Engineer: 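Shown below is the structure under consideration.
Each ligand, and each atom within it, is numbered from 1 in the order the structure gives. The first residue in the sequence is number 1, and the count goes up from there. Not measured: the values here are computed from a predicted model. Values below: every heavy atom of this structure, side chains too, minus hydrogens, waters and symmetry copies.
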Amino acid sequence: MATSLLYKILGSHLVEGSLVPGAEIAIRVDQTLTQDATGTMAFLQFESMGLDHVRTERSVSYVDHNTVQIGFENADDHAYLQSAARRFGVVFSKPGNGICHQLHLERFGRPGATLLGSDSHTPTGGGIGMVAIGVGGIDVAVAMGGGAFHLVCPRVVRVNLAGRLRPGVSAKDVILKVLSILGSKGNVNTAVEYGGPGVASLGVPARATITNMGAELGVTTSVFPSDETTRRFLAAQGREEAWQPLAADPDAPYDRVIDIDLSALEPLVACPHNPGNVATVASLRGKKVQQVAIGSCTNSSYRDLKTVALLLRGRHVHPDVSLGIACGSRQVLTMLAREGLLGDLLAAGARLLENACGFCIGCHFSPGTDAVCVRTSNRNFEGRSGTKSAQVYLASPETAAAIALTGEFCSATDLGIELPDVADPDAFPIDDSLFLYRDTAGRGVPDAPVLRGPNVGAPPRAEPVAETLRAVVGIKVGDKITTDHIMPAGARLKYRSNIPEYAKYVFEGVDADFSRRAAAARDAGLATVVVAGESYGQGSSREHAAICPMYLGVRAVVAKSIERIHFANLVNFAIVPFTFADPADYDRVDAGDEVTVEGLAAAIAGDGRATLHDATKGLDIPLVATLSERQKRILLDGGLMRHIAARTSLPSDL
Ligand code: MIC
Ligand code: SF4
């Protein structure tokens with residue numbers, strides 16, 4: 001039977017279930033990646049499983065998120081991660097090496113492999129034909145131990161690309177076009193597969209930009225075929241042996257087919273405060289801009305930054321604009337330096353930022369009050385930049401460069417100059433010296449010490465779901481509440497390894513008193529319920545958006561709908577992910593209401609149907625938790641770690 005590329009790769013890794021959309025399946029995981037902001041929890045959880053080394057083909061621990069290092073906390077986290085990597089047979093990528101997704105694509109990814117990463121943009125690897133999926137740290141910990149990854153088999157949307165991009169239009173415009181068609185919600189348990197004659201005209205970095213921002217669609221993963229372009233990219237990285245050709249069968253069935261003519265695309269932007277708010281650059285022409293930031297795991301390749309450097313060469317950034325540039329990897333930075341392009345950027349007045357996540361997650365380079373800001377990153381959620389009132393737009397590197405020069409919205413073609421057409425080189429400069437422990441990877445060093453500073457504490461264990469839930473509605477939020485709303489990053493990122501401290505900031509930007517109230521309710525023996533609208537938990541994979549609420553006594557979320565990674569994280573920490581049986585009931589519950597759910601554990605063990613009794617209003621509201629049999633057991637056991645301890649003998653049954 002003709003098969004999609006996604007199902008071919010999933011099929012070759014299937015260990016449980018069958019490839020039927022909507023069914024629960026389990027797959028073997030070849031590679032894992034973690035980054036420092038989610039990695040400390042992942043490694044603490046891995047340690048608690050009692051294994052002496054990882055069981056994967058390749059696991060890499062990157063440090064790229066918390067590199068600002070104000071205070072001792074970040075450096076302590078880095079030291080913990082480095083020592084744990086050595087001990088357990090993981091390759092360690094030192095800070096300064098670059099952003100995990102860019103680096104993994106350059107140095108480790110391989111077509112046809114599965115990659116599980118504790119970061120939502122892990123699907124960047126789909127740019128070279130991997131099935132790469134973003135998950136919470138605890139799921140990566142299990143995969144590092146050799147355990148299978150359980151997921152809902154996604155339905156597959158095919159995006160057929162035809163034609164060729166015009167000058168001034170690039171990969172970011174393609175994915176923004178896809179976002180304008182599919183939207184940034186409602187795509188749970190869906191995957192996107194790209195194909196068609198237009199694929200050949202896109203280089204690997206372009207493909208990776210597109211699969212990277214599949215995260216903003218909310219899909220499980222996105223994948224491109226592996227072809228001659230992929231082979232050339234891997235050969236230029238000195239890794240041709242990792243290549244294999246991969247494509248869908250010509251008549252493969254798809255759930256939906258979308259046709260995009262690349263030659264008809266024009267420069268696009270995502271407007272505040274969601275990547276799905278897509279508009280044309282032309283519609284904003286002339287609007288003044290105060291800050292431009294170029295980089296992030298979406299658009300920081302050699303191709304992207306050389307394009308920017310050539311556009312800026314011999315010109316100067318507008319006096320009212322602050323332009324920051326962050327390369328995705330040391331390889332990219334080295335190439336810019338060797339080709340003299342760094343000089344062009346500096347001469348133009350750009351500020352060189354560290355090769356790290358940095359501005360993308362609000363660690364630094366926050367814009368001023370009410371500033372209009374254009375970024376090449378993938379998320380423009382309210383407040384993520386560090387400035388709540390800032391208006392952040394997402395655009396391609398060429399559009400961002402043109403705006404930096406003129407100080408207002410315009411596209412690169414408006415500059416009236418010949419636009420560069422940058423191709424990848426035949427050979428990238430290879431220097432793997434900041435990847436440590438390659439020689440002991442997979443085996444580890446059993447007697448190597450693991451360093452734990454005072455900021456590094458084991459995550460609290462979840463509790464089995466109660467027979468009866470007695471709670472207060474601690475907060476009621478609207479639609480598209482992102483994990484950045486639930487668990488802010490930026491200045492708070494340094495508490496990722498210290499749950500009691502980090503928990504003080506749950507919902508900080510939405511309701512700064514939430515944490516105090518929830519902790520007080522917990523201490524008085526009352527649980528907290530979060531009530532939410534559509535697409536709750538959009539965005540990142542950070543399981544802290546489940547762990548910290550759990551620590552504060554949150555035992556259930558009741559929403560109109562919940563996004564995939566956050567749903568899984570809630571289950572992994574024994575918070576029941578309910579949806580309203582009738583979404584209209586959302587309007588009948590309010591923050592502060594006292595609520596009970598009788599027979600909660602029995603409902604979870606059964607069909608997931610339960611009744612929320614709102615004692616304050618005297619109402620009964622039907623709820624449903626749509627769970628697989630495995631997820632039911634995890635909730636009843638008290639979270640994934642307890643479930644593993646109770647049900648498996650490590651590591652083979654993970
Ligand atoms: C993000 O882009 O929001 C992050 C920071 O990379 C997160 C991971 C995290 O919160 O540590 C993600 O995308 O998963
Ligand atoms: Fe880092 Fe931003 Fe990419 Fe997240 S989206 S991995 S913070 S660069």
Side-chain angles (χ1 to χ4, degrees), residues 33-42 61-68 74 77 81 93 95 97-105 116-125 132-140 175 208-209 211-216 218 275 293-301 304 324 326-329 332 353-365 375-381 383-386 392 394 482-497 502 505 537-548 563-566 568-569:
L33 73 76
T34 47
Q35 40 87 342
D36 50 306
T38 55
T40 50
M41 284 298 131
S61 170
Y62 295 91
V63 175
D64 54 1
H65 279 62
N66 301 321
T67 57
V68 178
N74 296 164
D77 284 357
L81 289 169
S93 172
N97 211 16
I99 304 174
C100 56
H101 308 302
Q102 172 78 19
L103 288 169
H104 208 85
L105 195 74
L116 207 63
S118 61
D119 191 283
S120 64
H121 291 102
T122 302
T124 310
I133 302 179
V135 294
I138 200 167
D139 283 321
V140 174
I175 185 63
T209 295
T211 56
N212 172 287
M213 279 191 74
E216 279 52 67
I294 299 178
S296 91
C297 59
T298 317
N299 278 113
S300 58
S301 64
D304 285 344
C327 294
S329 70
V332 173
L353 311 175
E354 193 175 3
N355 312 331
C357 297
F359 74 81
C360 173
I361 195 180
C363 283
H364 65 178
F365 207 59
R375 298 180 162 212
T376 65
S377 43
N378 45 40
R379 292 187 170 143
N380 58 347
F381 302 144
R384 180 178 164 95
S385 65
V392 178
L394 307 175
T482 70
T483 51
D484 282 286
H485 290 107
I486 306 169
M487 218 48 263
R492 309 297 182 205
L493 205 54
K494 68 182 195 172
Y495 301 124
R496 282 289 175 95
S497 312
Y502 200 25
Y505 304 106
Q538 269 199 0
S540 92
S541 70
R542 66 189 70 147
E543 62 191 356
H544 295 80
I547 303 178
C548 293
E563 290 295 307
R564 175 189 67 92
I565 307 180
H566 190 59
N569 287 339

Engineer: Any atom of ligand 2 sitting under 4.0 Å from a heavy atom of Arg384?
Structural biologist: yes

Engineer: Judged on heavy-atom distance to atom 4 (Fe) of ligand 2, which of His65, Arg379, Arg375, Gln35 sits nearest?
Structural biologist: His65

Engineer: Indicate yes or no for a side-chain donor-acceptor contact from Asn380 to the backbone of Val392 under 3.5 Å, with no hydrogens or angles considered.
Structural biologist: yes

Engineer: Using 2.8 Å as the cut-off, note every protein N, O or S atom close to atom 3 (Fe) of ligand 2.
Structural biologist: Cys297 SG

Engineer: N/O to N/O below 3.5 Å, does that happen between Thr38 and ligand 1?
Structural biologist: no

Engineer: Could you list the atoms of ligand 1 found under 4.0 angstrom from a heavy atom of Asp119?
Structural biologist: 4 (C), 6 (O), 7 (C), 8 (C), 12 (C), 13 (O), 14 (O)

Engineer: Return the residue, atom name and 0.1 Å-rounded distance of the protein heavy atom closest to atom 5 (C) of ligand 1.
Structural biologist: Ile361 CD1, 3.0 Å

Engineer: Is the side chain of Thr483 donor-acceptor paired with the backbone N or O of Ser540 at a distance under 3.5 Å, no angle test?
Structural biologist: yes

Engineer: Within the distance-only criterion (no hydrogens, no angle test), does the side chain of Arg384 pair as donor or acceptor with the backbone N or O of Cys360 below 3.5 angstrom?
Structural biologist: yes

Engineer: Between Arg379 and ligand 1, find which residue part has any heavy-atom pair under 4.0 Å and reply side chain, backbone, both or neither.
Structural biologist: side chain

Engineer: Out of His65, Met487, Arg496, His121, who is nearest to atom 11 (O) of ligand 1 when you count heavy atoms only?
Structural biologist: Arg496

Engineer: Would you please classify the geometry between the His544 ring and the Tyr502 ring as parallel, tilted or perpendicular, with 30° and 60° separating the classes?
Structural biologist: perpendicular

Engineer: If you measure every N or O of Asp484 against every N or O of ligand 1, does any of those distances drop under 3.5 Å?
Structural biologist: no

Engineer: For the residue pair Asn378 and Thr298, confirm or rule out a side-chain donor-acceptor distance under 3.5 Å.
Structural biologist: yes

Engineer: Would you mind running through ligand 1 and noting each atom that sits below 4.0 Å from a heavy atom of Ala37?
Structural biologist: 11 (O)

Engineer: Do you see a donor-acceptor pair shorter than 3.5 Å between the side chains of Thr40 and Asp77?
Structural biologist: no

Engineer: Within the 3.5 Å criterion, strictly below it, is a donor on His101 or Asn212 matched to an acceptor on the partner's side chain?
Structural biologist: no

Engineer: With heavy atoms of Arg384 as the reference, note each atom of ligand 1 found under 4.0 Å away.
Structural biologist: 1 (C), 2 (O), 3 (O)

Engineer: Which residue owns the protein heavy atom closest to atom 13 (O) of ligand 1, what's the atom, and how far is it?
Structural biologist: Ser120 OG, 2.5 Å

Engineer: Where is the nearest protein heavy atom to atom 8 (C) of ligand 1: which residue, which atom, and how far?
Structural biologist: Gln35 NE2, 3.2 Å

Engineer: Would you check if the side chain of Glu543 reaches a backbone N or O of Ile138 as a donor-acceptor pair within less than 3.5 Å?
Structural biologist: yes

Engineer: Assess, by modelled atom type and distance only, whether the side chains of Arg375 and Ser377 contain a donor and an acceptor separated by less than 3.5 Å.
Structural biologist: no

Engineer: Would you mind checking which non-hydrogen protein atom is closest to atom 12 (C) of ligand 1, with the distance to 0.1 Å?
Structural biologist: Ser540 CB, 3.1 Å

Engineer: When you measure from the side chain of Gln35 to the backbone of Thr38, do you find a donor-acceptor pair of N or O atoms at a distance under 3.5 Å?
Structural biologist: yes

Engineer: Would you find a donor on one side and an acceptor on the other, under 3.5 Å apart, between the side chain of Arg492 and the backbone of Tyr505?
Structural biologist: no

Engineer: Using modelled atom types only, decide if a donor and an acceptor are shared between the side chain of Asn66 and the backbone of Lys494 within a distance under 3.5 Å.
Structural biologist: no

Engineer: Could you check whether any side-chain N or O of Asn569 sits under 3.5 Å from a backbone N or O of Ser541, counting only pairs where one atom can act as donor and the other as acceptor?
Structural biologist: yes

Engineer: What atoms of ligand 1 come closer than 4.0 angstrom to any heavy atom of Arg542?
Structural biologist: 1 (C), 3 (O), 5 (C), 9 (C), 10 (O)

Engineer: What atoms in ligand 1 come closer than 4.0 Å to a heavy atom of Ser541?
Structural biologist: 12 (C), 14 (O)

